[in-house]
**Student:** 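Dropping the structure in here first, questions after.
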Amino acid sequence: MEDPMTTATVADAKWARQVRELAREQDAVILAHNYQLPEVQDIADHTGDSLALSRIAARAEASTIVFCGVHFMAETAKILAPDKTVLIPDARAGCSLADSITAEQLREWKQQHPGAVVVSYVNTTAEVKAETDICCTSSNAVDVVRSIPADQPVLFCPDQFLGAHVKRVTGRENLHIWAGECHVHAGINGDELAARADRAPEADLFIHPECGCATSALYLAGEGAVAEERVHILSTGGMLDAARETGARSVLVATEVGMLHQLRKAAPEVDFRAVNEKASCRYMKMITPEKVLDCLRAGTDEVRVPERIAGQARTAVERMIGIGKSGGGE
Ligand code: 13P
Ligand code: SF4
């Protein structure tokens, strides 16, 4: 009888070979976000966080960029590299956080705060970016806000937890925060984190600033329930850098579960555990191995951004890639 494991391995190897061959034929570079399925991450030319992948897209030499991530990421790549063909294996891969503010809502908010500088998280549509002064990602949000003169009010959108983190770190009172959230990260709550930290007193905590539990982690540290030096609020790329340096034997990870794959590769000797194993982004997981292959074969789905919108958004996105260090992109 045929061994099912061997059959699966042979199929995986065939898929990987086909993808690599097609990518070479099409002069395509494959980028994958840290939340992608492990096999998609492993086939990519580059994996990384939002900032690292934006920077790689901006300087890509290939004529086609295949973006294995969600739609706003591919759109950002197209804004930065307008002459390239940008493909996403499934254009329906959206983002609940990007959906939490529209360009119309942002225009109304700006009218209420004339003179304020608009900082939008990269998790926004191109139309929202076109209304923005500087975009940021989780790895450079603090540096972006610090780059703005202290007396100028800032409108920060759309993530309320990242906004609260930036406000806490910068101590900036004139930072107004939009009340949006990512359903995956908001669902990783403080009670869950406290219970897991209690059961693993030696573990480090790696927490993405979009998480509902980021404030709770700092509260736990403040209360002495968790040692302060064990709590790290980090972007996905920052987690990879921290993984390579941690002295801890185990780490509790509060972010989307796709992150565990890169962390385990970066530091195989460390036991990485998800704070919430159910924290899986259904949009990120829409990019399946079959769709990556179809995308390269058929040249779909192509991402287009009307030049009027792209032109208005480009300055904000270029400012973003010029500020701060990203972690973990390779
Ligand atoms: P980073 O990779 O920039 O940390 O972003 C996380 C995220 O939620 C992307 O959707
Ligand atoms: Fe958007 Fe959240 Fe999914 Fe990231 S994890 S793509 S923020 S819905």
**Student:** Tell me whether Glu75 is salt-bridged to Arg304, with the criterion being a basic N under 4.0 Å from an acidic carboxylate O.
**Tutor:**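 Arg304 and Glu75: not salt-bridged.
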**Student:** Sub-3.5 Å donor-acceptor pair from the side chain of His232 to the main-chain atoms of Leu234, do we have one?
**Tutor:**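 Between the backbone of Leu234 and the side chain of His232 there is no qualifying donor-acceptor contact (under 3.5 Å).
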**Student:** Within the 3.5 Å criterion, strictly below it, is a donor on Tyr35 or Gln41 matched to an acceptor on the partner's side chain?
**Tutor:**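 No pair is found: no donor N or O on one side chain lies under 3.5 Å from an acceptor on the other.
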**Student:** Would Val128 and Val166 show up in the same hydrophobic cluster when neighbours are defined by side-chain heavy atoms closer than 4.5 Å?
**Tutor:**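 No; tracing contacts between hydrophobic side chains, which count when under 4.5 Å, never links both residues.
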**Student:** Would a hydrophobic clustering, with Ile, Leu, Val, Met, Phe, Trp and Tyr connected at side-chain separations under 4.5 Å, put Leu218 with Phe161?
**Tutor:**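 Per the 4.5 Å side-chain linkage, Leu218 and Phe161 are not co-clustered.
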**Student:** Say whether Ser120 and Thr132, considering side chains only, have a donor N or O and an acceptor N or O under 3.5 Å apart.
**Tutor:**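 Thr132 and Ser120 do have a side-chain donor-acceptor pair below 3.5 Å.
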**Student:** Taking all non-hydrogen atoms of both residues, which atom of Leu260 and which atom of Ala274 are closest, and how far apart?
**Tutor:**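 Closest approach of Leu260 to Ala274: CD1-CB, 4.0 Å.
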**Student:** Is there a donor-acceptor contact under 3.5 Å from the side chain of Lys291 to the main chain of Met286?
**Tutor:**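 Checking the backbone N and O of Met286 against the side chain of Lys291, a donor-acceptor pair under 3.5 Å is found.
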**Student:** With a 4.5 Å heavy-atom cut-off, do Leu87 and Thr64 have their side chains touching?
**Tutor:**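 Of all side-chain heavy-atom pairs linking Thr64 with Leu87, at least one is under 4.5 Å.
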**Student:** Work out which heavy atom in Lys84 is nearest to a heavy atom in Ala60; give both atom names and the distance.
**Tutor:**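 So the minimum-distance heavy-atom pair works out to NZ-O, 3.0 Å.
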**Student:** Can you list the steps and then say if Met259 with Phe272 is a side chain to side chain contact (heavy atoms under 4.5 Å, CB included)?
**Tutor:** CA-CA 10 Å; Met259 189 63 221; Phe272 293 100; over 6 Å; no
**Student:** Measuring from Met320:CE to Asp143:CG, what's the distance to the nearest 0.5 Å?
**Tutor:**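 The distance works out to 13.0 Å.
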**Student:** Does the side chain of Thr255 pick up a donor-acceptor pair with the side chain of His185 at under 3.5 Å?
**Tutor:**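 Note: Thr255 and His185 side chains meet the donor-acceptor criterion.
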**Student:** With a 3.5 Å distance limit and no angle check, can you tell me whether Thr124 reaches the backbone of Tyr121 through a side-chain donor-acceptor pair?
**Tutor:**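 Indeed, once roles are kept as given, a pair shorter than 3.5 Å links the two residues.
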**Student:** Within the distance-only criterion (no hydrogens, no angle test), does the side chain of Arg319 pair as donor or acceptor with the backbone N or O of Asp133 below 3.5 angstrom?
**Tutor:**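 Yes, Arg319 side chain to Asp133 backbone: donor-acceptor pair under 3.5 Å.
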**Student:** Does any donor atom in the side chain of Asn34 or Thr236 lie under 3.5 Å from an acceptor atom in the other side chain?
**Tutor:**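 Checked: Asn34/Thr236 side chains pair up, N/O donor to acceptor below 3.5 Å.
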**Student:** Heavy-atom count around Arg107 CZ within 6.0 Å, excluding the residue itself: above 12?
**Tutor:**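 Buried by this count: over 12 neighbours within 6.0 Å.
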**Student:** Does the side chain to side chain contact (heavy atoms under 4.5 Å, CB included) test come out yes or no for Thr85 and Ile65, once each step is laid out?
**Tutor:** CA-CA 6 Å; Thr85 301; Ile65 297 171; over 6 Å; no
**Student:** How many angstroms lie between NZ in Lys78 and CD in Glu302, if you round to the nearest 0.5 Å?
**Tutor:**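 Interatomic distance, Lys78 NZ to Glu302 CD, rounded to 0.5 Å: 6.0 Å.
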**Student:** Are Ile207 and Cys213 close enough, and set up right, to give a side chain to side chain contact (heavy atoms under 4.5 Å, CB included), and what steps lead you there?
**Tutor:** CA-CA 8 Å; Ile207 296 166; Cys213 65; 4.2 Å; yes
**Student:** State whether the side chain of Arg172 and the backbone N or O of Val145 hold a donor-acceptor pair below 3.5 Å, judged by distance alone.
**Tutor:**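 Checked: pair present.
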**Student:** Run the salt bridge (Lys or Arg N to Asp or Glu O under 4.0 Å) test on Arg20 and Asp45 for me, step by step, so that the C-alpha distance in whole Å, both residues' side-chain angles and the decisive distance to 0.1 Å come before the verdict.
**Tutor:** CA-CA 10 Å; Arg20 293 306 333 160; Asp45 294 290; 3.0 Å; yes
**Student:** Start with the C-alpha distance between His71 and Asp90, add both sets of side-chain angles, then the distance that settles side-chain hydrogen bond (donor to acceptor under 3.5 Å, both in side chains), and finish with yes or no.
**Tutor:** CA-CA 8 Å; His71 194 261; Asp90 189 335; over 6 Å; no
**Student:** Is the number of heavy atoms from other residues, nucleotides or ligands under 6.0 Å of Glu307 CD greater than 12?
**Tutor:**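 Yes, CD of Glu307 has more than 12 neighbouring heavy atoms, counting only those of other groups under 6.0 Å.
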**Student:** Does Val154 share a hydrophobic cluster with Trp109, counting links as ILVMFWY side-chain heavy atoms below 4.5 Å and allowing steps through other members?
**Tutor:**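 No, Val154 does not connect to Trp109 through the hydrophobic network.
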**Student:** Group every Ile, Leu, Val, Met, Phe, Trp and Tyr by side-chain heavy-atom contacts under 4.5 Å, then state whether Ile30 and Leu80 land in the same group.
**Tutor:**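 Same cluster: Ile30 reaches Leu80 through Ile, Leu, Val, Met, Phe, Trp or Tyr contacts under 4.5 Å.
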**Student:** Would you confirm whether Trp178, through its side chain, and Gln160, through its main-chain N or O, come within 3.5 Å as a donor-acceptor pair?
**Tutor:**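 Checking the backbone N and O of Gln160 against the side chain of Trp178, no donor-acceptor pair under 3.5 Å is found.
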**Student:** Nearest heavy-atom pair of Ala197 and Leu205: which atoms, and what distance?
**Tutor:**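 Shortest heavy-atom separation between Ala197 and Leu205 comes out as CB-CD2, 4.4 Å.
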**Student:** Quick check: does any side chain N or O of Glu210 sit under 3.5 Å from a backbone N or O of Ala186, one acting as donor and the other as acceptor?
**Tutor:**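 No, the answer is negative, given that no donor and acceptor are paired below the 3.5 Å cut-off.
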**Student:** Could you check whether Arg196 pairs with Asp191 (Lys NZ or Arg NE/NH1/NH2 to Asp/Glu carboxylate O, under 4.0 Å)?
**Tutor:**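 Not counted as a salt bridge, because no side-chain N and carboxylate O are separated by less than 4.0 Å.
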**Student:** Do other residues, nucleotides or ligands put more than 12 heavy atoms under 6.0 Å from Glu202 CD?
**Tutor:**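 Open.
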**Student:** Any salt bridge between Arg273 and Asp271, counting N to O under 4.0 Å?
**Tutor:**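 The answer is yes: the pair qualifies as a salt bridge.
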**Student:** Between Arg92 and Asp301, is the closest basic N to carboxylate O distance under 4.0 Å?
**Tutor:**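 Not counted as a salt bridge, because no side-chain N and carboxylate O are separated by less than 4.0 Å.
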**Student:** Please report the closest heavy-atom contact between Ile79 and Ala310, naming both atoms and the distance.
**Tutor:**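 Taking Ile79 first and Ala310 second, the nearest heavy atoms are CG2-O, 3.9 Å.
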**Student:** Is there a side-chain contact between Thr76 and Phe67 in this structure, where contact means two heavy atoms from C-beta onward sitting under 4.5 Å apart?
**Tutor:**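 Side chain of Thr76 against side chain of Phe67, heavy atoms only: no contact under 4.5 Å found.
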**Student:** Say you draw a straight line from CG of Asn189 to CG of Asn276; how long is it, rounded to the nearest 0.5 Å?
**Tutor:**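 Going from the CG atom of Asn189 to the CG atom of Asn276 covers 7.5 Å.
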**Student:** Would you say Val122 and Val184 are hydrophobically clustered, going by side-chain heavy atoms of ILVMFWY under 4.5 Å?
**Tutor:**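 No: no chain of side-chain contacts under 4.5 Å links Val122 to Val184.
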**Student:** Checking Asn140 side chain against Ile323 main chain: does a donor-acceptor pair fall under 3.5 Å?
**Tutor:**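 Such a contact is found between Asn140 side chain and Ile323 backbone.
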**Student:** Judged by atom type as modelled, is there a donor-acceptor pair below 3.5 Å linking the side chain of Lys278 to the main-chain atoms of Gly187?
**Tutor:**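 Looks like no, no N/O pair under 3.5 Å.
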**Student:** Can you tell me how far apart CD (Gln26) and SG (Cys295) are? Round to the nearest 0.5 Å.
**Tutor:**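 Result: 9.0 Å between the selected atoms.
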**Student:** How long is the gap from NE2 on His176 to SG on Cys157, to the nearest 0.5 Å?
**Tutor:**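 Going from NE2 on His176 over to SG on Cys157, the span is 13.0 Å.
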**Student:** Return the minimal non-hydrogen interatomic distance between Lys129 and Ala316, and the atom names on each side.
**Tutor:**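 Where Lys129 meets Ala316 most closely, the heavy atoms are O-CB, 4.1 Å.
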**Student:** Which heavy atom of Pro89 sits nearest a heavy atom of Ile287, and at what distance?
**Tutor:**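 That closest heavy-atom pairing would be CG-CG2, 3.7 Å.
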**Student:** Within this structure, what is the CZ-CD distance for the pair Arg282 and Glu256, rounded to the nearest 0.5 Å?
**Tutor:**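 Result: 12.0 Å between the selected atoms.
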**Student:** Within the distance-only criterion (no hydrogens, no angle test), does the side chain of Gln105 pair as donor or acceptor with the backbone N or O of Thr102 below 3.5 angstrom?
**Tutor:**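 Yes; judged by distance alone, with no hydrogens or angles, the pair exists.
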**Student:** Where do Met239 and Val253 land on the side chain to side chain contact (heavy atoms under 4.5 Å, CB included) test, with the steps shown first?
**Tutor:** CA-CA 9 Å; Met239 287 185 188; Val253 183; 4.1 Å; yes
